[in-house]
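Comments concern the structure below.
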Amino acid sequence: MNNRKIIKGYKTLISSRFNVDTSIDKFKNGIIYTLYSDEFNSLNVGFAENDKVLEKKLSSEKLILLDMKKGNKKDLFLLITTLKELGIEYSDNFYFKYSNSLIRHLSTLGWPVGRSLYKQRKIKKELLCA
């Protein structure tokens, strides 16, 4: 015979405080984009509420639109936080010094970077039958 004891107990929930921003603006849909400045050799990532806002930004500065897609401010916030944790520095308004590693990180994180400055590697596996 096995002598097993059944221990009854209750798990306690530990509460903690998080500073969570639950504002609706963070989840507002719009356009996330990547712009390139040839003059400063830099990239600008951002969020625009609609096409008109993005067109205004493009016309006011000498920037080239690399790519854009639907997204929200939360996507931009998560990208900036992740890049900061990776040690990638940026200046005001999310301008980054252009580098191949930055483009690779952006592409890996699913950010729209286009194909004009960075050609995504396509890994092809071939099975060789002997």
Side-chain angles (χ1 to χ4, degrees):
M1 266 195 140
N2 293 336
N3 292 333
R4 294 185 185 185
K5 292 182 181 180
I6 299 174
I7 300 173
K8 292 183 180 180
Y10 299 97
K11 295 190 181 216
T12 59
L13 181 64
I14 301 171
S15 65
S16 62
R17 295 178 185 216
F18 290 107
N19 292 332
V20 178
D21 185 10
T22 57
S23 66
I24 195 71
D25 286 345
K26 198 178 255 189
F27 302 103
K28 189 173 184 178
N29 288 331
I31 301 168
I32 54 176
Y33 60 82
T34 306
L35 305 175
Y36 176 71
S37 170
D38 196 26
E39 182 180 354
F40 299 109
N41 194 29
S42 65
L43 292 175
N44 175 241
V45 296
F47 171 82
E49 293 177 3
N50 55 43
D51 291 336
K52 292 179 183 178
V53 174
L54 183 56
E55 285 177 21
K56 185 177 179 183
K57 183 168 180 85
L58 285 169
S59 64
S60 66
E61 301 175 34
K62 293 181 179 178
L63 297 170
I64 301 166
L65 177 65
L66 294 182
D67 202 3
M68 64 181 186
K69 71 178 186 178
K70 290 181 183 180
N72 55 42
K73 281 188 178 181
K74 181 182 175 189
D75 296 332
L76 177 62
F77 173 75
L78 291 172
L79 176 78
I80 297 301
T81 303
T82 305
L83 292 176
K84 190 175 183 180
E85 289 179 4
L86 291 171
I88 298 174
E89 297 179 13
Y90 59 93
S91 62
D92 296 335
N93 298 326
F94 309 124
Y95 279 93
F96 296 87
K97 179 144 180 69
Y98 174 82
S99 70
N100 285 330
S101 65
L102 173 61
I103 293 290
R104 252 192 322 271
H105 286 309
L106 291 173
S107 180
T108 301
L109 294 170
W111 197 260
V113 292
R115 295 182 182 265
S116 58
L117 291 178
Y118 171 69
K119 293 183 180 177
Q120 295 178 344
R121 288 188 225 164
K122 294 183 179 180
I123 301 172
K124 296 181 180 178
K125 294 183 180 180
E126 293 182 18
L127 298 175
L128 299 176
C129 298

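Nothing here was measured: the structure is a model prediction, and the numbers come from that model.
- Leu35 contributes atom CG, which lies 10.5 Å from atom CE of Met68 (distance to the nearest 0.5 angstrom).
- Taking each heavy atom of Pro112 and Ile32 in turn, the nearest pair found is CG-O, 3.7 Å.
- Exactly one of Leu66, Leu83, Thr82, Thr34 qualifies for a side-chain contact (heavy atoms from CB on, under 4.5 Å) with Trp111. That residue is Thr34.
- In this structure Asn41 satisfies the side-chain hydrogen bond (donor to acceptor under 3.5 Å, both in side chains) test together with Tyr36, sequence neighbours excluded.
- Looking at every heavy atom in both residues, Leu86 comes nearest to His105 through CD1-ND1, 3.8 Å.
- A 4.5 Å side-chain heavy-atom check between Asn44 and Tyr33 finds at least one atom pair inside the cut-off.
- Cluster membership for Val113 and Ile64, using ILVMFWY side-chain heavy atoms within less than 4.5 angstrom, is shared.
- Listed by chain and residue number, Phe94, Phe96 satisfy the ring pair (Phe, Tyr, Trp, His ring centres under 6.0 Å) test with Tyr90 (two or more places apart in sequence, or in another chain).
- The shortest side-chain heavy-atom distance between Leu79 and Leu106 falls under the 4.5 Å cut-off.
- Considering only residues two or more places apart in sequence or on other chains, Tyr95 meets the ring pair (Phe, Tyr, Trp, His ring centres under 6.0 Å) condition with none of them.
- Closest approach of Lys97 to Leu102, counting heavy atoms only: O-CD2, 3.6 Å.
- Judged as a salt bridge (charged side-chain N to carboxylate O under 4.0 Å, His left out), the pairs with a partner in residues 60-72 (not counting sequence neighbours) are, in order, Lys57-Glu61.
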* Show your working on side-chain contact (heavy atoms from CB on, under 4.5 Å) between Leu109 and Leu78 and close with a plain yes or no. => CA-CA 10 Å; Leu109 294 170; Leu78 291 172; over 6 Å; no
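- Considering only residues two or more places apart in sequence or on other chains, Ser99 meets the side-chain hydrogen bond (donor to acceptor under 3.5 Å, both in side chains) condition with Ser101.
- In this structure, Ser37 contributes its side chain and Ser42 its backbone to no donor-acceptor pair below 3.5 Å.
- Every residue two or more places apart in sequence or in another chain that forms a side-chain contact (heavy atoms from CB on, under 4.5 Å) with Thr81 is listed here: Phe77, Glu85.
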* Between Ile80 and Val45, does a side-chain contact (heavy atoms from CB on, under 4.5 Å) hold up when you go through it step by step? -> CA-CA 9 Å; Ile80 297 301; Val45 296; 4.0 Å; yes
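- In this structure, Leu63 CG and Leu43 CG are separated by 10.0 Å, a value rounded to the nearest 0.5 Å.
- Contact detail for Phe47 and Lys28: the closest heavy-atom pair is CZ-O, 3.5 Å.
- A donor-acceptor pair under 3.5 Å is absent between the side-chain atoms of Ser107 and the main chain of Ile103, judged by distance alone.
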